[in-house]
Amino acid sequence: MILTNLSRASAPAKVVLFGEHFVVYGSPAILGSIDRRIRVSAQIIRPPQIIIRSDTGFSASFTVNKLDECETNMSEAQKFTYPLYFATHEVIRGSLNAKVKLGVEIDIHSDIPYGIGLGSSAASCVATVAAVGSLFLKRDRHWIFTRAHRAERLIHKSSSGGDCYVSTFGGLIYYVTNGKNRRIKTRRSVSLILVNTGIKHSTKALVSLVENFRNQNTSLFDDLANSATHICDQAALALTEDNPVKLGRLMSRNHRLLETLGVSTVETDNLVRYCLDSGAYGAKLTGAGGGGSVIALVPDECKTEFEYKLLKKYSYQCIPVQIKSYGLLKY
Ligand code: PMV
C-alpha cells in the first residue's frame with residue numbers, strides 16, 4: 001500500500017443527448033462528457049475526521065471511526081456532501097486497518113453549475129473517489145466508477161449510473177445499464193448550446209414521477225421506451241455519419257417522448273420550440289427535466305444569431321458545450 005500525502009483528480013460534467021429516464025428501465029442512452037470539470041484534492045490529516053470543503057464556501061466534517069447516519073439534524077453542508085463522505089469513508093475503511101487513526105481533508109473546486117442537468121453530483125463523486133483512492137493504492141477506472149455510482153445512489157437510489165460512467169470514462173458513450181456500453185466515434189467533436197432555464201430540479205423527484213407514470217401506464221410506457229431505444233440507435237448512426245439534420249430531428253422527437261412522460265415544463269417546451277424557430281437543427285431537455293436545461297444543436301454559422309435571439313427573448317444563460325473525450329484525470 002502506498003500512503004501519499006496529497007492526491008488530485010478531476011472529472012467532467014456531462015450532457016445526456018438521448019434516452020434520459022428510459023435508461024433507468026434498461027433502454028440505452030447517449031451521454032457525452034463536456035469541457036466543464038470538477039477538481040478535487042485529498043490529503044491525509046492526523047485527526048480521524050473527514051473534512052469536505054468547497055470553493056462555494058461550505059465546509060462539513062464527519063467522523064471516520066464509524067459511518068455517520070445522514071440525519072435530519074445534520075447541517076445543510078453535511079447533508080449536501082453526505083454522498084462524498086460516504087464514498088470517502090468506504091475507501092478509507094477498505095484501505096486502512098481500523099486501528100490506524102487518520103483522516104482525510106477534501107477540497108472541491110468546480111466550474112459545473114449545480115442542479116441544471118450537467119451531472120455535477122456524479123462528477124464530484126467520481127473525482128472524490130479517485131482522489132481519495134489514490135492516497136492509498138493505484139486504482140483503475142472500473143473500481144472508481146463502482147464506488148462513485150454507489151455514492152450517487154444515495155442521492156437517487158435508482159440511478160442508472162450513466163452520469164458516473166461517462167464522467168469516469170469520458171467521450172461519447174452509448175450507455176446501457178447491462179454494461180454493454182460502447183464508445184461512439186465521430187469525425188469531429190460535437191458541440192451544442194446548453195440553455196439554462198435557471199429552474200433547479202430534483203432528479204430524485206423526477207425519477208419517482210416517471211416511476212408513477214410507468215406504474216399507471218405500463219403499455220404506453222413500454223411503447224415510449226421502444227421509441228426511445230429506436231431514437232438512440234438512429235442517433236448513434238447519425239453521430240457516426242456526421243448527419244446533423246437527422247440528429248437534430250431525433251433530438252426533437254426525443255423531447256416529445258419526455259413531454260409525454262411529464263418531466264418537461266411549459267417553459268421548457270416553449271424554449272425547445274423557440275430554439276427550433278431560431279435555427280436549431282433540433283433541441284430537447286437534457287437530464288431529469290423539471291426545468292433544468294435544454295440542449296440545442298445549432299449550425300455553426302447560426303450560433304451567434306441564435307444566442308442573440310435567446311438572450312433577447314428570455315434572459316436565459318446560453319452555455320456553449322463541447323463533447324470532450326477526457327474522462328477522469330488523476331495527477
Ligand atoms: O440528474 P440529471 O439531471 O443529470 O439526470 C439524470 C438522468 C436520468 O436518466 C433522469 C436519471 C438516471 O439515473 O439516468
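Not measured: the values here are computed from a predicted model.
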### Task
May I ask you to decide if the ring planes of Tyr82 and Phe62 are parallel, tilted or perpendicular, using 30° and 60° as cut-offs?
perpendicular
### Task
Return the orientation label for the Tyr165 and Tyr175 ring planes: parallel under 30°, perpendicular over 60°, tilted otherwise.
tilted
Treating Ile, Leu, Val, Met, Phe, Trp and Tyr as nodes and any side-chain heavy-atom pair under 4.5 angstrom as an edge, say whether [X] and [Y] lie in one connected cluster.
| X | Y | answer |
| --- | --- | --- |
| Leu261 | Leu271 | no |
| Val294 | Val263 | no |
| Phe169 | Tyr326 | no |
| Phe306 | Leu194 | no |
| Leu310 | Ile295 | no |

Least distance between heavy atoms, [X] atom then [Y] atom:
| X | Y | value |
| --- | --- | --- |
| Cys318 | Val195 | SG-CG2, 4.3 Å |
| Gly279 | Pro299 | O-CD, 3.2 Å |
| Ala123 | Ala11 | O-CB, 3.6 Å |
| Ala131 | Ala9 | N-CB, 3.8 Å |
| Ser41 | Leu6 | CB-CD1, 4.3 Å |
| Thr168 | Arg141 | O-NH1, 2.7 Å |

### Residue pair Trp143, Asp140: steps toward the side-chain contact (heavy atoms from CB on, under 4.5 Å) verdict
CA-CA 5 Å; Trp143 187 94; Asp140 70 19; 3.3 Å; yes
Measuring from atom [atom1] of [X] to atom [atom2] of [Y], what distance do you get when rounded to the nearest 0.5 angstrom?
| X | Y | atom1 | atom2 | answer |
| --- | --- | --- | --- | --- |
| Lys101 | Arg46 | NZ | CZ | 13.0 Å |
| Ser167 | Ile144 | OG | CD1 | 10.5 Å |
| Ile38 | Ser110 | CD1 | OG | 3.5 Å |
| Arg253 | Leu258 | CZ | CG | 13.0 Å |
| Ser59 | Ile52 | OG | CD1 | 9.0 Å |
| Leu250 | Leu297 | CG | CG | 10.5 Å |

### Query
Aromatic ring centroids of Phe18 and Tyr174 under 6.0 Å?
no
[X] side chain to [Y] backbone, donor-acceptor under 3.5 Å:
| X | Y | value |
| --- | --- | --- |
| Ser189 | Ile323 | yes |
| Ser124 | Ser121 | yes |
| Arg93 | Val64 | yes |
| Asn196 | Ser293 | no |
| Ser159 | Ile155 | no |
| Arg37 | Ser10 | yes |
| His255 | Leu285 | yes |
| Thr177 | Ser160 | no |
| Lys14 | Gly117 | yes |
| Arg249 | Val245 | no |

### Message
Can you confirm whether Glu301 is buried at CD, in the sense that more than 12 heavy atoms of other residues, nucleotides or ligands lie under 6.0 Å from that atom?
### Response
yes
### Message
For Arg8, is the CZ atom crowded, meaning more than 12 foreign heavy atoms sit under 6.0 Å from it?
### Response
no
Find out whether [X] and [Y] are in side-chain contact, i.e. whether some heavy atom of one side chain is under 4.5 Å from a heavy atom of the other.
| X | Y | value |
| --- | --- | --- |
| Glu241 | Lys246 | yes |
| Leu220 | Phe213 | yes |
| Val16 | Ile30 | no |
| Pro28 | Thr229 | yes |
| Tyr281 | Leu276 | no |
| Arg182 | Ile173 | no |
| Val104 | Ile106 | yes |
| Ser7 | Lys330 | no |

Can a salt bridge be assigned to the pair [X] and [Y] using a cut-off of 4.0 Å between side-chain N and carboxylate O?
| X | Y | result |
| --- | --- | --- |
| Lys79 | Glu76 | yes |
| Lys284 | Glu20 | yes |
| Lys309 | Glu305 | yes |

### Message
Please determine whether side-chain contact (heavy atoms from CB on, under 4.5 Å) holds for the pair Thr203 and His201, giving the CA-CA distance in whole Å, both sets of side-chain angles, and the decisive distance to 0.1 Å.
### Response
CA-CA 6 Å; Thr203 302; His201 68 214; 3.6 Å; yes
### Task
Please report the C-alpha distance between Leu257 and His21 in whole Å, then the side-chain angles of each, then the deciding distance to 0.1 Å, and finally whether the side-chain contact (heavy atoms from CB on, under 4.5 Å) criterion is met.
CA-CA 10 Å; Leu257 299 183; His21 285 292; over 6 Å; no
### Query
Can Lys200 be said to sit on top of Tyr114's aromatic six-ring, NZ or CZ under 6.0 Å from centre and within 45° of the ring axis?
no
### Task
Could you walk me through whether Cys125 and Leu84 pass side-chain contact (heavy atoms from CB on, under 4.5 Å), step by step?
CA-CA 6 Å; Cys125 291; Leu84 304 182; 4.0 Å; yes
